[in-house]
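This report concerns only the one structure given below.
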Amino acid sequence: MKYRKVILAGGNGYLGNVLADYYKELAEEVLILSRKPGAANGNIRTEVWDGKEEGDWVKSLEGADLLVNLCGKNVNCRYTPKNQAEIISSRTIPTRLLGKVIGKMAQPPRLWINVTSATIYRHAEDHAQDESNGELGYGFSIEVCKQWERAFFECETPKTRKIALRMGIVLGRNDSVFPRLLNLVRFGLGGQQGDGQQYVSWIHEHDVARCTEWLTDEEKMEGIINCTAPVAVKNMELMKVMRKAYGIPFGLPCPQWLLEIGVRLIGTETELVLKSRWVSPKRLLENGFTFQFAEIKPAVHDILSIRV
């Protein structure tokens with residue numbers, strides 16, 4: 001085994017399952033910190049924590065090679081005052097808690113990756129936003145990211161390297177955005193959303209996992225890192241690639257006025273669809289990380305080939 005222990009805080013969701021499945025072949029132990037108990041699956045086990053208070057789970061962090069923090073309420077909801085408060089607190093409180101306990105440990109995790117969001121950058125249709133020259137946006141989603149990263153970097157962890165991984169939209173067959181878009185394609189509704197010119201900064205789920213492994217081994221890497229495929233794609237092109245790959249010749253578009261009605265019916269926000277996220281993984285590329293899926297067409301074909 002390459003690693004002794006990998007910890008996934010809040011790792012019982014979609015991306016946590018992707019990482020657990022990836023690291024079960026690489027680590028002696030994969031530990032998921034979850035609010036709910038779970039049965040052991042080989043070398044993957046679950047330990048209960050509440051994300052708010054110290055407990056027996058703290059001892060499990062000792063000597064870990066990697067800690068990935070995935071905590072946070074799903075943003076796919078209406079931004080009511082209650083939901084806004086929960087979205088922020090579900091990210092900042094566990095982050096500060098982890099920082100507090102790690103700072104006191106004799107043998108803390110070697111690397112702590114906090115999975116944040118590439119949506120921190122402004123709506124961009126003119127050029128890509130990278131770690132050195134990217135411009136931050138405004139509004140609730142951006143404020144969430146700012147508070148989240150502030151909570152992360154304010155923690156003093158002298159023995160633990162820290163990376164804020166600004167994640168793009170993760171594409172995979174089992175959950176998240178891809179199966180929802182695929183359902184639209186299947187029913188002939190897979191046209192562009194809005195004017196279709198907004199950029200989608202995406203990343204294949206397998207490259208997410210590979211990236212975390214690479215960052216664990218590359219000890220010079222720390223700070224803010226964008227985690228998106230190097231070639232962003234416009235919404236119009238993404239839907240066209242998905243339709244063609246699935247063998248559906250047409251897809252009805254969804255203009256903005258209709259989208260405004262639809263998101264209210266399903267309880268989400270138009271920003272999640274219409275904001276143009278054009279983000280560049282400059283630091284990953286400059287330091288030698290190689291993406292297996294750099295462009296959208298082979299990524300879509302690969303995801304569709306996976307049996308679920």
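Since the model is a prediction, treat every value here as computed from it, not as a measurement.
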Using every non-hydrogen atom in the two residues, find where [X] and [Y] come nearest and quote the distance to one decimal.
X      : Y      : result
Ala229 : Pro281 : O-CD, 3.9 Å
Cys211 : Cys227 : SG-SG, 4.0 Å
Thr160 : Pro109 : OG1-O, 2.7 Å
Leu70  : Leu15  : CD2-CD2, 3.8 Å
Ser60  : Ile7   : O-CD1, 3.7 Å
Thr46  : Ser34  : CG2-CB, 3.8 Å

Decide if atom [atom1] of [X] counts as having more than 12 heavy atoms of other residues, nucleotides or ligands within a radius under 6.0 Å.
X      : atom1 : result
Lys5   : NZ    : yes
Lys2   : NZ    : yes
Glu154 : CD    : yes
Lys297 : NZ    : no
Gln256 : CD    : no
Gln107 : CD    : no
Asp126 : CG    : yes
Lys52  : NZ    : no

**Request:** Would you check, one step at a time, whether the test side-chain contact (heavy atoms from CB on, under 4.5 Å) holds for Phe140 with Asn83?
**Result:** CA-CA 11 Å; Phe140 173 68; Asn83 283 340; over 6 Å; no

Output the distance between atom [atom1] ([X]) and atom [atom2] ([Y]), rounded to the nearest 0.5 Å.
X      : Y      : atom1 : atom2 : value
Arg45  : Ile32  : CZ    : CD1   : 10.5 Å
His301 : Met242 : NE2   : CE    : 11.0 Å
Ile102 : Asn69  : CD1   : CG    : 8.5 Å
Asn74  : Ile87  : CG    : CD1   : 8.0 Å
Leu182 : Ile303 : CG    : CD1   : 10.0 Å
Thr212 : Leu8   : OG1   : CG    : 8.5 Å

If hydrophobic clusters are built by linking Ile, Leu, Val, Met, Phe, Trp and Tyr wherever their side-chain heavy atoms come under 4.5 Å apart, do [X] and [Y] end up in the same one?
X      : Y      : answer
Ile142 : Ile224 : no
Trp112 : Leu33  : yes
Met167 : Trp148 : no
Ile113 : Leu26  : yes
Trp202 : Val185 : yes

**Request:** In sequence, state the C-alpha distance, the side-chain angles, and the governing distance for Arg186 and Ile248, and then conclude on side-chain contact (heavy atoms from CB on, under 4.5 Å).
**Result:** CA-CA 7 Å; Arg186 283 171 171 155; Ile248 301 293; over 6 Å; no

Do [X] and [Y] have side chains that get closer than 4.5 Å, going by heavy atoms?
X      : Y      : result
Tyr121 : Leu136 : yes
Leu66  : Tyr23  : yes
Leu215 : Leu165 : yes
Lys275 : Ser141 : no
Leu98  : Thr157 : no
Thr116 : Phe152 : no
Asn174 : Val18  : no
Arg91  : Lys73  : yes

Would you check if the side chain of [X] reaches a backbone N or O of [Y] as a donor-acceptor pair within less than 3.5 Å?
X      : Y      : result
Gln193 : Gly191 : yes
Gln197 : Glu125 : no
Glu131 : Asn226 : yes
Asn235 : Gln192 : no
Ser201 : Val279 : yes
Asp130 : Asn133 : yes
Arg277 : Ala118 : no
Asp207 : Phe291 : no
Ser176 : Leu171 : no

**Item:** Verdict with reasoning, Arg166 to Glu149, per salt bridge (charged side-chain N to carboxylate O under 4.0 Å, His left out)
**Value:** CA-CA 10 Å; Arg166 290 178 174 173; Glu149 292 189 2; 2.7 Å; yes

**Item:** Steps toward side-chain contact (heavy atoms from CB on, under 4.5 Å) verdict (Asn17, Asp175)
**Value:** CA-CA 10 Å; Asn17 289 331; Asp175 204 347; over 6 Å; no

**Item:** Residues Tyr14 and Glu205: side-chain donor-acceptor under 3.5 angstrom
**Value:**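 Yes, Glu205 and Tyr14 have a side-chain donor paired with an acceptor closer than 3.5 Å.
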
**Message:** Between Asn183 and Arg180, do the side chains contain a donor N or O and an acceptor N or O under 3.5 Å apart?
**Reply:**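 Judged by distance alone, the side chains do not pair up.
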
**Prompt:** Could you go step by step and tell me if Phe153 and Asn114 meet the side-chain contact (heavy atoms from CB on, under 4.5 Å) rule?
**Reply:** CA-CA 10 Å; Phe153 285 116; Asn114 224 48; over 6 Å; no

**Prompt:** Which of parallel (below 30°), tilted (30 to 60°) and perpendicular (above 60°) describes Trp57 and Trp49?
**Reply:**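 Ring orientation of Trp57 relative to Trp49: perpendicular.
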
**Prompt:** In terms of ring plane angle, is the pair Trp278 and Tyr199 parallel, tilted or perpendicular, where the classes change at 30° and 60°?
**Reply:**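 Judged by the thresholds at 30° and 60°, the geometry between Trp278 and Tyr199 is parallel.
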
**Request:** Using a strict cut-off of less than 4.0 Å between a Lys/Arg side-chain nitrogen and an Asp/Glu carboxylate oxygen, indicate whether Glu218 and Arg283 qualify as a salt bridge.
**Result:**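 The answer is no: the pair does not qualify as a salt bridge.
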
**Message:** Between Arg161 and Glu222, is the salt bridge (charged side-chain N to carboxylate O under 4.0 Å, His left out) condition met? List the steps.
**Reply:** CA-CA 6 Å; Arg161 185 164 50 101; Glu222 61 183 352; over 6 Å; no

**Asked** Just one of Asp217, Asp65, Thr216 clears the side chain to side chain donor-acceptor pair (under 3.5 Å) bar with Tyr3, so which one?
**Response**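 In the set Asp217, Asp65, Thr216, the residue that makes a side chain to side chain donor-acceptor pair (under 3.5 Å) with Tyr3 is Asp217.
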
